[in-house]
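Structure record follows, encoded as structure tokens.
Order of appearance sets the numbers: ligands from 1, and atoms from 1 within every ligand. When reading the values below, keep in mind they use all heavy atoms of this one structure, side chains included, and skip hydrogens, waters and symmetry mates.
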Amino acid sequence: MVPAPGRGPARPIPTVIDCDPGHDDAIALLLAVASPFIDLRAVTTTFGNCSVADATRNALRILTLAGATEIPVGRGAAGSLAGTTELGNYVHGKRGLDGPDLAEPGFEVSGLPAVELIERVLADADEPVTLIATGPITNVATLLQRHVADRSRIREIIFMGGSVDRGNHTPTAEFNTYADPEALAVVLGSGLPVRMVGLNLTHQALATPEVVARMRAMDHHVGHVAAEWMGFFGSSYRAIWEFAAPPVHDPCTVAALIRPELIEWRRCFVAVETKGEWTRGTTVVDLHDRYHRPPNADVALTLDVGGYWDLVLGAIDTLGKGR
Ligand code: BDR
Ligand code: CA
């Protein structure tokens, strides 16, 4: 259930981000690290925008850039539950975060693999933990499959994926949900509170020239790196989808946690196609209750674009000035 509106939670919410960085995943991590409303307990990685090895290296480098080397990073799934490894490196570059040179990681990957690291966080936290997934949702599904009985340690799952209408990786399927639809089916069937942040929402979060100019105008390295990332990401979106500016998808999930009132939500039944000949990985969002099924997700519909960018750019600036 979407939390009540407000300027942010009363105390930091224990959170794990499971990601495949990725230019927009990178901005999501910066937003979470900078936010006083999030207690980022761990970052876990998955295949997706690149191999899991590159995603892990990228996560370590992003947290190093953010000065957050105390956050453990656990390496996760190399492929989907069905054993496939669909990659989005045609969007994010060969190693998943191409563009500006980044310093090598200032710390090592955790000795615990992703799912075990999340289990440790769940066990150690004194309140239920929020899981944010910004890549194929394989690690979260694996965690749920291991804990059929006791899921009370999870407060909610917020994922970037799917759409109420169009796709991107295929005409109808969004990349993350295409990459592991069986995993998303596990999450949607879990009975846990789930929030879906799909393309219909994230395509409103465009890094326009004005947004990128605000990044460049920041007189520090983090702002300039973010602007360069948008340059690389934007050229992919221009070449493949003819977008004038790139949609910065993944930070919308973090914004959903910090400032849910920036987004209009609809509670409804969501399914994911696992069998379609042409539609595998497509989300089916029953906005008008045509199936008469119990709702299983809160679905993001419209974004307060100005509020979103103020939040994201404020976070980048905070990190650049040294938090
Ligand atoms: C999603 O796929 C990746 O390209 C992005 O990181 C985002 O998570 C958008 O379809
Ligand atoms: Ca992603």
Side-chain angles (χ1 to χ4, degrees), residues 16-32 43-52 54-59 62 73 76-77 80 85-99 114 131-140 157-181 183-184 187 195-207 226 229-230 232-241 243 245-256 272 280-283 285 300 303 312:
V16 174
I17 297 188
D18 184 63
C19 57
D20 61 338
H23 299 87
D24 54 330
D25 304 76
I27 304 280
L29 289 175
L30 298 187
L31 176 56
V43 169
T44 53
T45 60
T46 173
F47 78 99
N49 289 324
C50 50
S51 70
V52 70
D54 282 333
T56 306
R57 173 173 174 263
N58 292 343
I62 295 157
V73 174
S80 70
T85 304
E86 194 76 18
L87 296 184
N89 47 13
Y90 64 100
V91 181
H92 298 266
K94 201 159 166 252
R95 303 202 68 185
L97 193 60
D98 290 15
L131 305 182
I132 291 180
T134 63
I137 204 159
T138 318
N139 291 329
V140 176
I157 298 166
I158 306 174
F159 74 94
M160 190 283 135
S163 181
V164 304
D165 43 40
R166 59 192 290 185
N168 57 4
H169 191 59
T170 74
T172 65
E174 182 278 331
F175 174 74
N176 292 337
T177 55
Y178 183 91
D180 200 344
L184 182 59
V187 171
R195 284 197 269 165
M196 169 176 150
V197 176
L199 291 180
N200 60 291
L201 189 283
T202 65
H203 281 180
Q204 299 164 50
L206 299 170
W229 282 339
M230 293 304 98
F232 188 96
F233 198 41
S235 60
S236 297
Y237 264 85
R238 248 190 322 278
I240 303 167
W241 292 287
F243 272 47
V248 187
H249 312 277
D250 293 339
C252 295
T253 56
V254 181
V272 58
R280 181 170 160 79
T282 300
T283 48
V285 180
L303 179 68
V312 171

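Residue side and main chain included, D24 places no N/O/S atom under 3.0 Å of the Ca ion (ligand 2). Taking 3.0 Å as the criterion, M160 does not count as a coordinating residue of the Ca ion (ligand 2), since none of its N, O or S atoms falls below it.
Close approach of ligand 1 to F175 is summarised as follows: ligand atoms under 4.0 Å from at least one heavy atom of the residue are 2 (O), 10 (O). Residue-ligand proximity, T134 to ligand 1, at heavy-atom distances under 4.0 Å covers atoms 8 (O). Interface of N168 with ligand 1, defined as ligand atoms under 4.0 Å from a residue heavy atom, comprises 9 (C), 10 (O).
Taking the Ca ion (ligand 2) as reference, D250 places its N/O/S atom OD2 nearest. Per residue D20, closest N, O or S atom to the Ca ion (ligand 2): atom name OD1.
Among protein heavy atoms, atom 8 (O) of ligand 1 sits closest to D250 OD1, 2.7 Å. When only non-hydrogen protein atoms are considered, atom 10 (O) of ligand 1 lies nearest to E174 OE2, 2.4 Å. With respect to atom 3 (C) of ligand 1, the closest heavy atom belonging to the protein is N49 OD1, 3.1 Å.
Two residues are said to be in side-chain contact when any heavy atoms from C-beta on lie closer than 4.5 Å; I62 and L97 meet this criterion. Contact check for L29 versus C19: side-chain heavy atoms found under the 4.5 Å cut-off. Counting heavy atoms from C-beta on, the side chains of F233 and D24 come closer than 4.5 Å.
Considering OH of Y237 and NE2 of H23, their distance stands at 11.5 Å, rounded to 0.5 Å. Of the inter-residue distances, the one linking S51 atom OG with R95 atom CZ reads 7.5 Å to the nearest 0.5 angstrom.
Remark: the T44 side chain and the N139 side chain contain no N/O donor-acceptor pair separated by less than 3.5 Å. In the model, H249 has no side-chain atom that pairs as donor or acceptor with a side-chain atom of E174 under 3.5 Å. Judged purely by distance below 3.5 Å, without hydrogens or angles, the side chains of D20 and N49 pair a donor atom with an acceptor atom. T283 and T177 share no donor-acceptor pair across their side chains, judged by distance under 3.5 Å alone.
Around the Ca ion (ligand 2), the angle linking D25 (OD1) with T134 (O) is 130°, rounded to 10 degrees.
Counting heavy atoms only, D24 comes closest to atom 6 (O) of ligand 1 of the residues T253, L199, D24.
On a distance-only criterion, D20 and ligand 1 share no N/O pair closer than 3.5 Å. For a threshold of 3.5 Å applied to N or O pairs, the pair formed by Y237 and ligand 1 contains no separation below that value.
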Exercise. Would F175 and M160 count as a side-chain contact (heavy atoms from CB on, under 4.5 Å) if you check the C-alpha gap in whole Å, the side-chain angles of each, and the deciding distance to 0.1 Å?
Worked result: CA-CA 10 Å; F175 174 74; M160 190 283 135; over 6 Å; no

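Residue contact annotation: H92 has a non-hydrogen atom under 4.0 Å from ligand 1. Residue V91 places every heavy atom at 4.0 Å or more from ligand 1.
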